[in-house]
Structures are given as C-alpha cells and as structure tokens.
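Within every chain, numbering begins at 1; the chains are lettered A, B, ... in the order of the sequence lines, protein sequences first and strands thereafter.
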Protein chains: 2
Amino acid sequence: MPLTLEDIARKCGVSRSTVSRVINGEANVSPDTRRRVMDMIQQINFQPNLAARGLAAGKTRVLGVVIPMGVTAIFTDPFFPLLIQGVSITCNSCDYSVMLWLDDPEYERRTVRQILYNGLVDGVIVASNLMDDPIVVALGEGKLPYVMIGRSPVNNQVNFVDVDNFGGARKAVKHLIGLGRRRIAHISGPAKMIAGMDRYQGYLSGLYEAGIFPDPTLVVEGDFTDLGGYLAVQRLLPNHPDAIFTASDAMANGALRALIEAGVRVPQDISLVGFDDIPFASRTIPPLTTVRQPIQRIGSLAAESLIQIIGHPENQPLHVILPTELIVRGSSGE
Amino acid sequence: MPLTLEDIARKCGVSRSTVSRVINGEANVSPDTRRRVMDMIQQINFQPNLAARGLAAGKTRVLGVVIPMGVTAIFTDPFFPLLIQGVSITCNSCDYSVMLWLDDPEYERRTVRQILYNGLVDGVIVASNLMDDPIVVALGEGKLPYVMIGRSPVNNQVNFVDVDNFGGARKAVKHLIGLGRRRIAHISGPAKMIAGMDRYQGYLSGLYEAGIFPDPTLVVEGDFTDLGGYLAVQRLLPNHPDAIFTASDAMANGALRALIEAGVRVPQDISLVGFDDIPFASRTIPPLTTVRQPIQRIGSLAAESLIQIIGHPENQPLHVILPTELIVRGSSGE
DNA sequence: CTGAAAGCGCTTACAG
DNA sequence: CTGAAAGCGCTTACAG
C-alpha cells in the first residue's frame with residue numbers, strides 16, 4: 001500500500017494538515033518543521049494521491065486534450081503528434097498531467113459529457129477545428145475552462161491559439177508572384193475546416209493584391225491528404241496552372257507525385273508550394289517550399305493558456321495567433 | 001455545480017447506496033427502482049465524479065500510456081499515433097479513459113513515481129522498448145499492473161504485446177532470395193532497441209536457411225529514421241549489395257532517395273524491402289515492398305490485456321505476439 | 001431489495 | 001505557526 005499523508009504526519013510528529021501545507025508549498029509553516037517533513041517525504045519517496053487531492057481541492061491538475069478522430073489523415077500527418085508533444089512538455093514542467101480523448105464520432109455524445117462533468121480534468125484543449133463542431137457548442141454551455149486549437153469563426157468569446165493561416169498563405173502566393181507566376185492554382189483544405197478556409201482567403205488576398213483576378217477553375221477543394229493532392233492535380237492540369245499552392249504538405253506531396261507522373265517538371269514548368277513544413281517537406285525531390293507553422297509551440301501555448309485561464313478566468317477570452325514563416329526550397333524555383 | 005449521487009437519490013426518494021448500485025449495474029436492485037433511477041440519470045444527464053469514485057473504489061478506470069520522448073523519430077513516424085489510437089479505441093468501448101505521459105528523459109524519475117503511486121491510473125501501457133529502460137525496472141519493483149509494447153529480453157515475467165519481428169524479417173529476406181538476390185544488405189534499428197535486434201536476427205536467420213553466410217560489410221546500424229536510411233546506403237553501396245532490407249519504412253524511404261540520387265535503379269539494380277507498412281509505403285516511387293505490422297491492433301490488444309490483468313492478476317504473465325504480413329509491391333522486383 | 005454509516009486520502013476554513 | 005474537524009462525492013460491508 002502506498003503511504004498516505006497521515007503516515008508521514010505520524011512519522012514526523014505533526015498533524016496531517018501541516019504535511020499538506022508543506023507539500024503544497026504554503027507559507028505558514030516554520031522552517032524547521034518544513035525541513036523535517038520535506039526530508040521525510042524525500043526519504044519515503046512519498047507521492048500524494050492525486051484522486052484524493054482532486055476530490056478535496058476541486059482541482060486535479062489534469063488537462064484534457066480532445067482530438068476528433070473523424071478528421072482526415074489524423075495520424076499520418078504529424079500535426080496531432082507534435083501538438084500533443086507540445087502540450088505534454090508544458091504539462092510536465094508545470095506539474096500537470098494530460099488525459100487524451102480521441103473522439104470517435106460514434107462516442108461523441110458520451111465523450112462530451114464525460115469530459116465536462118467527470119471531475120477528472122480542470123480544463124480541456126480541443127483540437128477540433130471544424131466549422132460547427134458539436135463539442136464546441138457543448139463546451140460553450142458548460143463551465144469547464146477550455147481553449148481551442150484554431151480560431152472560432154462564429155464565437156469570439158472562446159479562447160483559442162491559432163497560427164496566421166491567412167497571412168501564411170498570402171506570403172506563399174506573393175512569393176510565387178515574385179517568381180513571375182500568374183496562373184497560380186490552389187488545392188484547398190476541406191470547406192468545413194476553418195484553417196483550410198483561412199488559407200484559401202489568404203491565397204485570394206495574395207492574388208488580389210497583385211491585381212490578379214482569381215480563376216475559379218484553378219481552385220480545387222482537397223482534404224489535406226496526400227491522395228487528395230494527387231487527385232486534385234489531375235483536375236487542375238487541363239487548366240494550365242504555372243504554380244500550385246496547396247493548403248498542406250501532405251497534399252503537396254501527392255501533387256508532386258501526380259506532376260512527376262504527368263511528366264511535368266517542378267519547378268521549371270510548375271512551381272509548387274505547400275503548407276506546414278512537416279519534417280518530410282525537406283526530403284522530397286525537389287525539396288518543398290512551404291509555410292512553416294510552429295505546431296509544437298501551438299500545443300505548448302495552448303496548455304500554458306489553459307493553465308492560466310484555470311487560475312485566472314477573468315483573463316478570458318484569450319486569443320493567441322502565432323506567426324508563420326515562408327521556407328523557400330527548390331520546388332518553387334530559384 | 002454538477003449534481004451528485006445524493007441529488008439523484010433525493011429526487012428519486014431512494015438512498016445514495018441504491019443509486020450507486022444502479023449506476024454500477026449491480027444485480028440486487030428491484031426492476032422498478034432501477035428504472036426510476038435510470039430515467040432520472042438520463043433526464044438529468046448525470047455523470048458520476050470519477051475522482052470520487054476512484055478514491056472510494058480504489059479503481060479509477062483510467063489507463064496510463066507511457067511513451068519515451070527520447071526515442072528517435074518519435075512523432076514523424078506514425079507508429080506512436082497509431083498505437084495510441086488503438087489504445088484509445090479499446091478504452092472508449094470499455095469505458096476507460098487514457099492518460100498520456102510523454103516521457104522526457106529529464107523528467108523520467110519524477111514520471112515513474114508519479115505514475116506508479118499517484119492513484120490516478122489502474123495500470124499502465126509502456127511503449128519503451130529499450131533494452132534496459134529504467135522505467136521497466138521501476139515498474140517491476142512496484143505493484144501497478146502494466147503491459148509492455150514489445151517483449152522484454154531480460155525478464156519473462158513481464159506482460160507484453162509484440163509483433164513477430166523475427167518472423168517478419170525472415171519472410172522479407174526469403175522473398176528477396178526467391179527473387180534471386182544473394183548480396184542482401186540490412187539497415188538495422190538501433191542496437192539498444194529490441195524490435196530492431198529481433199528484425200536483425202530474422203534477417204540473419206533468413207540468410208542461414210538459404211545457406212548464405214552473412215557478409216558483415218552488408219550490415220549497417222540505423223536509427224529508424226529517414227536520414228539514417230539515407231546515410232546507411234552511402235556506406236553500403238561500395239560493397240555492392242543487390243538488395244537492401246531495412247528495419248523500418250522510414251529508413252527504406254531514405255534509402256530509396258539515396259539510391260535514386262546515386263543513379264541506382266530500384267528494383268532492377270537493387271531490390272528494396274522495408275518494415276512497418278506505414279501509409280506512405282504505398283506511395284513511394286516505386287511503391288515499397290514491406291512487412292506489415294498491425295500497429296493499431298497492438299495498441300488495442302495492449303489495452304485489452306491490461307484491463308484483463310487489472311481484473312484478473314492471476315492471468316499473468318501474459319504474452320501476445322501478433323503475426324506480420326509481407327506486402328509485395330514494386331520496390332523488390334516482379 | 002434497501003438504507004445508515006464508515007471510509008477512501010486529501011484540503012481547508014476555523015480556532016487557538 | 002499548528003491541529004482538530006468537517007467535507008469533497010463516491011463505494012461497500014453490514015444490518016435489516
């Protein structure tokens with residue numbers, strides 16, 4: 001049996017209240033007592049029972065992370081892994097734990113309630129960036145602190161951490177225009193995903209600024225997957241683009257494969273630019289020009305923000321938008 | 001404030017013991033009472049506090065998953081994501097939750113204790129398959145149920161779920177031999193990882209069976225990463241292999257790139273076979289022959305096994321080895 | 001079949 | 001600065 005506060009108290013000849021105070025770093029303990037208790041804790045390798053603490057204190061120091069499994073490409077894309085890694089690193093250093101829910105649509109109703117009211121987490125990070133996710137609605141009705149990964153287009157009261165998808169896409173397009181490209185195609189994300197639509201808007205904005213009127217036949221809706229990019233290129237080629245900007249690197253990779261198979265030279269005939277800068281982007285042939293987003297940092301910031309909000313709810317709503325960076329490699333040209 | 005058992009009890013005119021029994025599906029409740037309570041729970045959307053339950057029952061219905069962050073390529077490879085997905089699916093359907101620890105070596109000592117004794121999890125799945133992981137030692141000394149992903153070479157008392165790495169590698173080599181290859185090189189996993197060494201043994205066994213004495217200059221230690229495969233090929237080429245079997249698809253992909261750059265034709269000049277069958281394997285040019293391991297299923301089985309063991313500790317040690325399958329594509333030949 | 005009561009291991013006013 | 005006591009929301013013998 002693991003030891004309890006009571007055991008430590010007895011061994012030190014103090015009350016369990018005092019031990020609790022020492023463990024929680026409260027001020028009003030005499031230096032001498034504090035040291036004695038600390039030493040004992042160290043020696044015994046004491047670990048307080050977190051379930052009990054959670055129950056008594058009303059705070060568990062556990063953060064939930066909710067990731068929708070419905071999303072395409074969920075785990076072939078390193079987005080979620082990196083995001084989780086970022087969350088985890090912050091939680092480790094802040095003495096929080098993380099609880100993970102991969103949200104099967106089938107279990108969705110159950111999940112929402114289970115997360116909101118089960119008393120296991122102090123707050124939750126939600127990585128579903130669908131336009132109209134029911135979980136977001138449910139969270140809005142509850143009182144559990146939460147932060148979204150990705151902004152909400154419908155409700156500006158929700159906390160979120162996002163990247164500048166719009167600006168990143170615009171930069172990509174301006175880069176292509178600077179290379180002399182004019183018939184710039186776009187393979188977008190799914191229409192229901194906010195990040196995809198923000199990138200699409202950035203694409204349009206880049207064109208407008210250069211005085212180019214967007215050609216609708218040069219835009220194809222993709223799904224963020226490799227295969228989606230591959231198929232989109234086949235629909236795009238007859239319309240003679242001289243550049244393609246894809247809303248993800250996975251799609252860029254599929255696009256690249258389709259271009260190679262069609263005998264199109266990249267970047268001579270068609271320039272290609274992706275979005276994400278996943279590790280693989282630097283290893284395609286030619287290496288991929290892309291818009292880097294700091295995924296791990298998004299996760300870390302989301303965790304930091306959530307911990308912040310749990311402690312100071314008055315700071316809501318909290319909106320963080322991280323900058324993106326254009327990484328120029330061989331696929332776009334010289 | 002979320003409602004409590006007590007609230008439900010009051011509304012139904014029964015004791016909180018009875019409500020508890022209904023919620024936990026115990027037999028000794030009259031059908032009528034049961035229905036009344038059930039209806040109320042439904043209507044109120046009641047969710048019991050899991051921290052309280054955990055404390056009272058000594059069981060939290062939470063499984064921990066520990067993944068070492070030290071491992072190379074941790075999150076560019078879809079292994080861990082798929083594993084977690086498998087665990088998560090089983091947990092969802094068994095009404096368990098999952099707690100995730102990405103184990104930064106720096107925090108390792110803390111983590112072990114924290115996981116073992118914090119009273120938050122009923123058991124833990126450990127995906128560290130290093131030869132001598134300290135966490136495994138610590139778990140061996142504690143009494144928390146756990147199952148390893150990957151067998152332990154030192155202690156046959158530990159529970160594990162693994163794939164037949166040895167047999168899979170042997171199949172790959174025999175396939176190459178059947179194709180007429182004789183100078184079959186191997187790019188292995190890191191020497192400290194069990195799965196890597198098991199595949200290496202399988203490679204040797206495949207050669208021996210065909211009466212081929214292994215040429216040590218045809219074996220290079222890799223690290224499971226794309227870059228590792230790329231670099232290994234450069235060391236291998238001077239020794240004139242006619243086939244390369246890599247211990248992972250990521251390495252096969254790096255190897256393929258190095259071969260292309262060196263002007264080597266795959267599979268005409270050199271046959272290439274990987275291991276894993278990650279989604280990307282079917283999309284290389286040429287598509288990759290590889291040994292498929294059912295990663296998601298490993299995760300599911302690990303969770304099932306752990307839940308089993310928590311309920312029936314007498315069934316230990318539990319050893320599960322899943323079969324692998326050779327997937328023949330273009331990179332090995334006709 | 002049901003309820004009153006003790007207890008899980010903590011935290012937190014309250015009193016001193 | 002410290003301790004006794006109540007309480008967090010459940011489960012679980014025990015008695016009836």
CA sep, side-chain torsions, deciding dist, call: Ser300(A), Val87(A), side-chain contact (heavy atoms from CB on, under 4.5 Å): CA-CA 5 Å; Ser300(A) 284; Val87(A) 171; over 6 Å; no
I need the [atom1]-[atom2] distance between [X] and [N], as an integer number of Å.
{"X": "Arg10(B)", "N": "dG3(C)", "atom1": "CZ", "atom2": "P", "answer": "14 Å"}
{"X": "Ile8(B)", "N": "dT11(D)", "atom1": "CD1", "atom2": "P", "answer": "13 Å"}
{"X": "Leu120(A)", "N": "dC8(D)", "atom1": "CG", "atom2": "P", "answer": "19 Å"}
{"X": "Arg53(B)", "N": "dG9(D)", "atom1": "CZ", "atom2": "C1'", "answer": "11 Å"}
{"X": "Glu26(A)", "N": "dT11(C)", "atom1": "CD", "atom2": "P", "answer": "8 Å"}
{"X": "Asn118(B)", "N": "dC10(C)", "atom1": "CG", "atom2": "P", "answer": "11 Å"}
{"X": "Leu3(B)", "N": "dC10(D)", "atom1": "CG", "atom2": "P", "answer": "9 Å"}
{"X": "Asp7(A)", "N": "dC10(C)", "atom1": "CG", "atom2": "C1'", "answer": "13 Å"}

Gap separating the OG1 atom of Thr60(B) from the CG atom of Leu50(A), nearest 0.5 angstrom: 11.0 Å
Interatomic spacing from CG in Leu83(A) to CZ in Arg297(A) - rounded to 0.5 Å: 13.0 Å
side-chain N/O Thr33(B) vs dT2(C) OP1/OP2, d < 4.0 Å: yes
Any Ser30(B) side-chain nitrogen or oxygen under 4.0 Å from OP1 or OP2 of dT2(C): yes
Proximal nucleotide (of dC8(D), dT2(D), dT11(C)) relative to the Ala57(A) side chain: dT11(C)
Salt bridge flag under 4.0 Å for residues Arg36(A) and Asp32(A): yes
Side-chain donor-acceptor contact under 3.5 Å, Thr33(B) with Ser30(B): yes
Sugar-phosphate, base or nothing in reach of Asn28(A), heavy atoms under 4.0 Å: base
Near-strand residues of residues 15-25 of chain B, defined as heavy-atom separation under 4.0 angstrom from DNA chain C: Ser15(B), Ser17(B), Thr18(B), Arg21(B)
Strand DNA chain C in bracket notation, Watson-Crick/G-U under 3.5 Å with | for pairs to another chain: |||.||||||||.|||
